[in-house]
**Q** 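I'd like to ask some things about the structure below.
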There are 2 protein chains.
Amino acid sequence: MDNLNITRDKRTANWLDCLRSSGYRLTEPRQAVIDILANSQRALNATEIFDLARENYPSLGLVSVYRTLEKLEELELIQKVHHPDGCQSFIAGFTGHQHLLICQVCGQAEFFEGDDLTPLIEHVSRESGFTIEEHWLQFFGLCAKCK
Amino acid sequence: MDNLNITRDKRTANWLDCLRSSGYRLTEPRQAVIDILANSQRALNATEIFDLARENYPSLGLVSVYRTLEKLEELELIQKVHHPDGCQSFIAGFTGHQHLLICQVCGQAEFFEGDDLTPLIEHVSRESGFTIEEHWLQFFGLCAKCK
DNA sequence: CTCGTAATGAAAACGGTTATCATTATCAAT
DNA sequence: ATTGATAATGATAACCGTTTTCATTACGAG
């Protein structure tokens with residue numbers, strides 16, 4: 001069972017702990033999916049994860065990828081990334097907020113901090129009569145390598 | 001806050017002109033779709049448009065809805081709205097930017113102005129090494145009626 | 001009015017996601 | 001370790017929204 005059990009990075013180990021402590025079993029298909037997603041610099045969709053994970057774990061089924069994504073999203077370990085070319089890709093990260101910076105060429109994604117939208121939110125709220133509860137902010141561009 | 005002070009009839013007429021001057025024919029199915037979309041306060045998907053338009057034009061085919069949406073998007077008269085519950089809805093508006101304020105209950109959407117993200121964009125750009133070319137900003141909340 | 005052809009609606013095809021189901025593998029209790 | 005209940009799996013089929021195909025219709029220039 002231990003072809004996959006080489007030294008794991010911290011994030012992978014953390015996710016496995018998180019699954020286990022939520023009452024889910026620690027299975028090889030799940031580990032194969034997590035190995036890919038926890039170490040990816042860019043958002044991946046189900047098929048991409050499937051193809052990458054099968055390089056190390058060829059018996060993986062596509063359905064298990066979908067089911068693992070469900071669990072990881074539920075545990076807030078990954079989040080969906082919205083993009084002009086599709087909205088079914090996932091990346092390791094935080095939920096609630098979407099402060100993503102995405103390279104339009106290679107897809108590499110980074111989170112960023114430091115936004116203070118409070119003044120704008122208050123202004124828009126006052127003008128519109130809306131109570132604003134959530135916001136999405138995403139930047140697109142070219143990363144250092146691709147430009 | 002309302003960046004388009006055009007009456008509804010005018011918008012419909014404007015879209016029809018726009019189609020015509022782009023070399024497209026002015027057909028009844030297209031008018032039926034435009035009647036719905038040009039006057040909607042919220043984003044609608046193909047099926048919703050289909051159902052609403054057939055109330056006045058029962059022979060409309062679903063495929064014509066898709067084809068008309070293609071044209072209107074190409075002419076930048078409508079734009080796709082990304083939402084936690086789906087990303088295949090359209091609303092009258094501008095492209096390139098996504099400065100939308102959306103009610104989480106009734107779906108009513110408004111555009112807003114007044115964002116100055118330049119300082120943040122410069123900051124993130126400097127820290128990340130990215131050249132930032134585009135941004136999406138969306139607020140979610142409760143409109144005056146729904147709260 | 002006529003005619004070339006863009007546009008149409010119905011039906012079939014398509015592709016990504018979800019449901020079904022018999023089989024397997026995890027893990028707590030022995 | 002061994003067992004046993006059952007969560008999880010992979011293969012297949014079903015599903016559903018979108019796209020393609022194609023014979024027919026209707027727009028609009030002349």
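Lettering follows sequence order; numbering is per chain, from 1.
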**Q** Over how many whole Å does the gap from A:Lys80 atom NZ to C:dG16 atom P extend?
**A** 16 Å
**Q** Would you give a per-nucleotide map of nucleotides 18-28 of chain D, 5' to 3', where B means the base has a protein non-hydrogen atom under 4.0 Å away, S means only the sugar-phosphate does, and - means neither?
**A** BBB-----BBS
**Q** Between B:Leu19 and B:Trp15, is any pair of side-chain heavy atoms under 4.5 Å apart?
**A** no
**Q** Can you tell me if A:Gln41 has over 12 outside heavy atoms packed within less than 6.0 Å of its CD?
**A** no
**Q** Which heavy atom in B:Ile102 sits nearest to a heavy atom in B:Gly107, and how many Å separate them?
**A** CG2-O, 4.0 Å
**Q** So do the side chains of B:Tyr66 and B:Glu70 get within less than 4.5 Å of each other, counting heavy atoms only?
**A** no
**Q** Do B:Arg42 and B:Glu48 have side chains that get closer than 4.5 Å, going by heavy atoms?
**A** yes
**Q** Using whole Å, what does the distance between atom C1' of nucleotide C:dG16 and atom CG of A:Asp85 come to?
**A** 16 Å
**Q** Please give the angle, rounded to 10 degrees, between the axes at the start and the end of the helix from C:dC1-D:dG30 to C:dT30-D:dA1, where five pairs define each axis.
**A** 40°
**Q** Given side chains that start at C-beta, do those of B:Trp136 and A:Pro84 come closer than 4.5 Å, heavy atoms only?
**A** yes
**Q** When you measure from every atom of DNA chain C, which of residues 48-56 of chain B have a heavy atom less than 4.0 Å away?
**A** none
**Q** Does any non-hydrogen side-chain atom of A:Phe111 lie less than 4.5 Å from one of A:Leu100?
**A** yes
**Q** Is the ring centre of A:Phe112 less than 6.0 Å from the ring centre of A:Phe139?
**A** yes
**Q** Any heavy-atom pair between the side chains of A:Leu72 and A:Leu37 that's under 4.5 Å?
**A** yes
**Q** Check whether any side-chain heavy atom of A:Lys147 lies under 4.5 Å from a side-chain heavy atom of B:Phe130, and answer yes or no.
**A** no
